[in-house]
Amino acid sequence: MPELPEVETVRAGLARHALHRRIAEVEVSHHRAVRRHATGPAALRERLVGTAFASANRRGKYLWLPLGDEPHDALVAHLGMSGQLLVRAADAAPDKHVHVRIAFDDGTELRFADQRTFGGLFVDELVPTEAADLVPTRVAHIARDPMDPLFDDGLFVGRLRRKASAVKRALLDQTLVSGVGNIYADEALWRARIHGARPGLSLTSAKALDLLTAVRAVLSDALRAGGTSFDSLYVNVNGESGYFDRSLAVYGREGRPCPRCGAVVRRAPFMNRSSFYCPRCQRAPRAVVKPAKMG
DNA sequence: CATAGATCCTGTATGC
DNA sequence: TGCATACAGGATCTAT
């Protein structure tokens, strides 16, 4: 699934292959893909035709392409679970599940394909952050991602350590730290030897910093692996880059040995999905008994 | 305010 | 072979 490393790979591909070309036509073939564009598909097309993407930006799992020479708004993309952005020759073979086509005037086009339709495109106003960089209004509520030079480590540690909820839930909370999804959350927790069910409250500052370091390490390892596969006029996007099978220590590896200690990796249901962990390296927290309600 | 859970969606894998 | 069910999960909404 596209998490920060995959989205960054796409961003780099867009920067190489989709900027400064006049948009000649836009075709929306699946309404759901543009559902977050409040004024509808026709208005989206109207805004895009005749302009060009000025740059390719990212925060967490959000991508955006500012429009025109002095941008005040941008085309925002979120890939959801299965979204892809593909740059193709306009007459290239069709791709599956293409819901939006943005045709440039040089014979290429940007295709948004999305099997499960959790992702989408919309145009949004750019607003300045506290550090004066510009982000789309509807991206402003999420935290900077841990690869951002302006990410505030101390703020993250402080907020994490005030959370009663599970550390893993906190890692997936994009307002605390952005860009981490289910796969890299499990990998980072394994690297830091922390059980995801532990309450944020239970971490020392040092341990919380260890976790942040592990998050950065796993993201940058994945980025290196994902970044190499990208070369041609094809913006790869899916989580299916070589990184997955080669380097994952626990995710998707139920029943196989922990690469560090050899104990059998377990899977446990968590937040309507799965968590994978090593029961020896990552000690489960003691069960907390809820105090009975008096009255 | 913080927190937990439900919900959206469809292709693939599995069980009977 | 067909049919039903589980599963994958990011963001957002609702309820407490």
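Lettering follows sequence order; numbering is per chain, from 1. Only heavy atoms go into these numbers, but all of them, side chains included; no hydrogens, no water, no symmetry mates.
DNA chain C lies under 4.0 Å from at least one heavy atom of each of the following residues of residues 264-277 of chain A: A:Arg267, A:Arg273, A:Ser274. Heavy-atom distances under 4.0 Å link DNA chain C to A:Arg116, A:Phe118 of residues 114-126 of chain A, given in residue order.
Through direct or indirect side-chain contacts shorter than 4.5 Å among Ile, Leu, Val, Met, Phe, Trp and Tyr, A:Trp64 is connected to A:Tyr62, A:Val76, A:Phe122, A:Leu126, A:Val127, A:Leu134, A:Val135, A:Val139, A:Ile142. Clustering of Ile, Leu, Val, Met, Phe, Trp and Tyr side chains at separations under 4.5 Å leaves A:Val98 isolated, with no partner residue.
Legend: salt bridge (Lys or Arg N to Asp or Glu O under 4.0 Å) pairs involving residues 145-157 of chain A, not counting sequence neighbours, sorted by first then second residue: A:Arg58-A:Asp145, A:Arg144-A:Asp148, A:Asp153-A:Arg216.
For A:Phe112, there are no ring-ring contact (aromatic ring centres under 6.0 Å, His included) partners at least two apart in sequence or on another chain. Partners of A:His195 according to the ring-ring contact (aromatic ring centres under 6.0 Å, His included) rule, which considers only residues two or more places apart in sequence or in another chain, are A:Tyr277. Taking A:Asp124 as the reference, nothing meets the salt bridge (charged side-chain N to carboxylate O under 4.0 Å, His left out) condition, with sequence neighbours excluded. In terms of the ring-ring contact (aromatic ring centres under 6.0 Å, His included) criterion, A:His37 has no residue partners (sequence neighbours excluded).
In secondary-structure terms, DNA chain B builds stems of at least 3 consecutive Watson-Crick or G-U pairs, each pair having both distances under 3.5 Å, at B:2-16 with C:2-16.
A 6.0 Å sphere centred on CD of A:Glu25 holds more than 12 heavy atoms belonging to other residues, nucleotides or ligands.
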Under-3.5 Å N/O pairs linking protein and nucleotides 1-4 of chain B:
{"residue": "B:dT3", "atom": "OP1", "partner": "A:Ala164", "partner atom": "N", "Å": "3.0"}
{"residue": "B:dT3", "atom": "OP2", "partner": "A:Lys163", "partner atom": "NZ", "Å": "3.2"}

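When heavy atoms are screened at a 4.0 angstrom cut-off, A:His141 is found touching the sugar-phosphate backbone but no base atom.
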Which atom pairs, donor and acceptor, lie under 3.5 Å between side-chain atoms of residues 255-271 of chain A and protein residues at least two apart or in another chain?
{"residue": "A:Arg260", "atom": "NH1", "partner": "A:Trp190", "partner atom": "O", "Å": "3.3"}
{"residue": "A:Arg260", "atom": "NH2", "partner": "A:Trp190", "partner atom": "O", "Å": "2.8"}
{"residue": "A:Arg267", "atom": "NE", "partner": "A:Glu254", "partner atom": "OE1", "Å": "3.4"}
{"residue": "A:Arg267", "atom": "NH1", "partner": "A:Ser274", "partner atom": "OG", "Å": "2.7"}

